[in-house]
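To start, the structure under review is shown below, and the notes come after it.
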Amino acid sequence: MHHNFINGQWTPGVGTRPNVNPSDTRDVVGEFAQADAAQTAQAIAAARAAFPAWATGSIQARADALEKIAAELLARKDELGNLLAREEGKTLPEAVGEVVRAGMIFRFFAGEVVRQCGEHLPSVRPGITVDVTREPVGVVGIITPWNFPIAIPAWKIAPALAYGNCVVFKPAELVPGSAWALADIIARSGIPPGVFNLVMGPGRAVGQTLLESTDVNAISFTGSISTGQRVLATAGLRGAKVQLEMGGKNPLIVLADADLPQAVEVAVQGSYFSTGQRCTASSRLIVERSVLPAFVDGVKARLASLKVDDARAPGTDIGPVVDADQLAQDELYIALGQQEGCELAFGGQRVERSAPGFYLTPALLVGARADMRVAREEIFGPVACVIQADDYEHALHLANDSPFGLSAGICTTSLKHATHFKRHMQAGMVMVNVATAGVDYHVPFGGRKGSSVGPREQGRYAAEFFTTVKTAYTQS
Ligand SMILES: NC(=O)c1ccc[n+]([C@@H]2O[C@H](COP(=O)([O-])OP(=O)(O)OC[C@H]3O[C@@H](n4cnc5c(N)ncnc54)[C@H](O)[C@@H]3O)[C@@H](O)[C@H]2O)c1
Ligand SMILES: O=S(=O)(O)c1ccc(CO)cc1
């Protein structure tokens, strides 16, 4: 049994929930505690009580704790990657890579603890000086989705702790294993009781309590648009600081002058790896007319070479979809795309493997138009659609015609078009001859329009959300 971690104690929940392997639904990864609103309130109270000492305590102790967490994550990358692949379904190399990303994030923020700085300025008034400093926000509620079970928690928890905040962490119901393992490592890192708390359980009980509690000063959320809107309406309305990372409908433009084999690889990597379950996945492939047939043939040939199988089997390129609901959603959109007039040029079929799992072949819809639902709504599976463009200007117009603005890419050998695209694409992250998915851990991450609310995550920009600025005037 895996308990919640509240005020330095492993604490049984009010119920339990099994964690099921999507590659083999007969395999139960473990039983995990489920909290209710009252237990969540205990965690919030513990974080509140721990905050004054943690916020003003030794920064060396903070840095040492984060470095210890980083070192253990990196040392156990294979074991934790195996757990992650087993509970979420991304392939073993992808899962090990995610654990390494989590370790590097903790290492980065261990360094940031001792690199915090402020400003000392002259005042416009004689005899007065001004200091601008950053202070922690307080108690931070961290609410995460299932698709990056350890990296997303790491990139919220590490900066929260580094800048002196206390944390109540509520992971997604589908992937408590990696969250629990991370909590276990944090619990042994030397941080005082109450500074970090893990509360597993349903969004409507645990998450909602975090949103409503006036003892929670900030909410950092990654997940769906609908839940994000609820976070904004509840926590935002009561004045909490709110950071939302939500969906994407990320375009990849392929121009006639692109290196075509490279463009095919960039498209396949971005659209289908990690089973397409990345908010940065390329789900709209916007292709200039003259190269469209060759591009589609290239993508189909590459997809045919991919092995869809158990996430942990050697040689698997694409693991299963995360659960039955997501599989049904993927299939619904594939059928909808065909009803809207697309041709299903490849895949989109359930496949049987040696064990019962949620296996779907990567689907390519050709002949999409910008107004179709498959071209506007996030599917969050191994499904991409191809939209024809007349030229670069048309392609850019189509790419920007979206309620989302997270990541966007272009494949071209034209410096002129690449430069124009980087400036005029309305997205938080733009890529030239690089997949829309696959980002560094030390630079800002986030989007525009309906994709994100609040300051960027990651790198030094994380300080914007996890600290609040103070201006001090001193008459000498
Ligand atoms: N932009 C990004 O950085 C990014 C990254 C990964 C995933 N996503 C998005 O996440 C979605 C998939 O993840 P998901 O299905 O886990 O999303 P989700 O919104 O269903 O759940 C996210 C988290 O919110 C919690 N939650 C649910 N109801 C809640 C409530 N009433 N109050 C508070 N918390 C509540 C869930 O329990 C979970 O922990 C996709 O839409 C994807 O685009 C975005
Ligand atoms: O684009 S990816 O590098 O795959 C990536 C990693 C982590 C996250 C977390 O939101 C998103 C995208």
Side-chain angles (χ1 to χ4, degrees), residues 17 34-35 37 40 88 90 94 97-98 100-102 104-105 141-156 168-176 179 199-213 216 219-235 242-250 269-283 322-323 325-326 329 377-381 404-407 409 427-429 431 434-441 443-454 456-458:
R17 180 186 158 117
Q34 296 288 285
T40 310
E88 197 268 351
K90 65 184 59 170
E94 290 170 334
E98 186 179 330
V100 170
R101 177 189 290 270
M104 297 310 289
I105 289 168
I142 288 178
I143 303 177
T144 57
W146 49 261
N147 65 329
F148 283 94
I150 203 160
I152 294 181
W155 83 16
K156 295 179 188 293
V168 180
F169 168 38
K170 182 251 173 283
E173 291 93 314
L174 286 177
V175 290
V199 191
M200 298 174 284
R204 66 181 176 282
V206 177
Q208 194 66 28
T209 304
L210 288 170
L211 304 189
E212 289 171 2
S213 171
V216 176
I219 299 281
S220 182
F221 167 85
T222 299
S224 63
I225 305 271
S226 57
T227 312
Q229 284 168 347
R230 182 186 280 263
V231 174
L232 194 59
T234 309
V242 168
Q243 176 181 54
L244 310 177
E245 291 298 343
M246 300 175 285
K249 191 73 191 174
N250 310 293
Q269 289 275 346
S271 302
Y272 300 106
F273 280 59
S274 296
T275 320
Q277 297 174 152
R278 297 190 281 190
C279 50
T280 47
S282 327
S283 48
V322 73
D323 71 355
D325 288 348
Q326 185 62 52
Q329 175 164 311
E377 297 172 16
E378 184 177 58
I379 300 172
F380 219 59
F404 298 104
L406 185 59
S407 182
M429 296 171 292
M431 319 284 185
V434 175
T436 59
V439 298
D440 284 6
Y441 65 84
V443 291
F445 179 95
R448 296 185 184 179
K449 299 198 269 186
S451 291
S452 303
V453 171
R456 290 284 183 265
E457 300 198 79
Q458 285 300 280

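Here, residue 1 is the first one in the sequence, and each next residue gets the next number. Just follow the structure's listing: the first ligand is 1, and inside any ligand the first atom is 1. These numbers were taken from a predicted model, which means no experiment stands behind them.
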Would you mind writing out a table of all protein N or O atoms found under 3.5 Å from any N or O atom of ligand 2, naming both atoms and giving the distance to 0.1 Å?
from	atom 1	to	atom 2	distance (Å)
ligand 2	1 (O)	Thr280	OG1	2.7
ligand 2	1 (O)	Gly438	N	2.6
ligand 2	3 (O)	Arg101	NH2	3.0
ligand 2	3 (O)	Gly438	N	3.2
ligand 2	3 (O)	Val439	N	2.7
ligand 2	4 (O)	Arg278	NH1	3.3

At less than 4.0 angstrom from any atom of ligand 1, which residues have a non-hydrogen atom? List them by chain and residue number. Ile143, Thr144, Pro145, Trp146, Asn147, Ile152, Lys170, Pro171, Ala172, Glu173, Gly203, Gly207, Gln208, Leu211, Phe221, Thr222, Gly223, Ser224, Thr227, Arg230, Glu245, Met246, Gly247, Cys279, Glu378, Phe380, Leu406, Phe445

Is it the case that the side chains of Thr40 and Lys170 hold a donor-acceptor pair, with the cut-off being a distance below 3.5 Å and no angle test? no

Donor-acceptor pairs under 3.5 Å, side chain of residues 203-213 to any protein atom, not counting sequence neighbours: which ones?
from	atom 1	to	atom 2	distance (Å)
Gln208	OE1	Arg230	NH1	3.4
Gln208	NE2	Glu212	OE2	3.0
Thr209	OG1	Ala205	O	2.6
Ser213	OG	Asp215	N	3.1

Is Glu377 paired with Lys249 through a side-chain N to carboxylate O contact shorter than 4.0 Å? no

Looking at Glu245 and Ser452, what are the two nearest heavy atoms and their distance? OE1-OG, 2.7 Å

Does Lys90 come within less than 4.0 Å of Glu98, counting only side-chain N to carboxylate O? yes

Trp155 and Phe445 aromatic ring geometry - parallel, tilted or perpendicular at 30°/60° bounds: tilted

Using 0.5 Å steps for rounding, measure from the OG atom of Ser283 to the CZ atom of Phe404. 8.5 Å

Mind listing the closest non-hydrogen atom pair of Ser271 and Ser282 along with its distance? OG-O, 2.8 Å

Return the set of residues passing salt bridge (Lys or Arg N to Asp or Glu O under 4.0 Å) with Glu94 (not counting sequence neighbours), or none when no residue passes. none

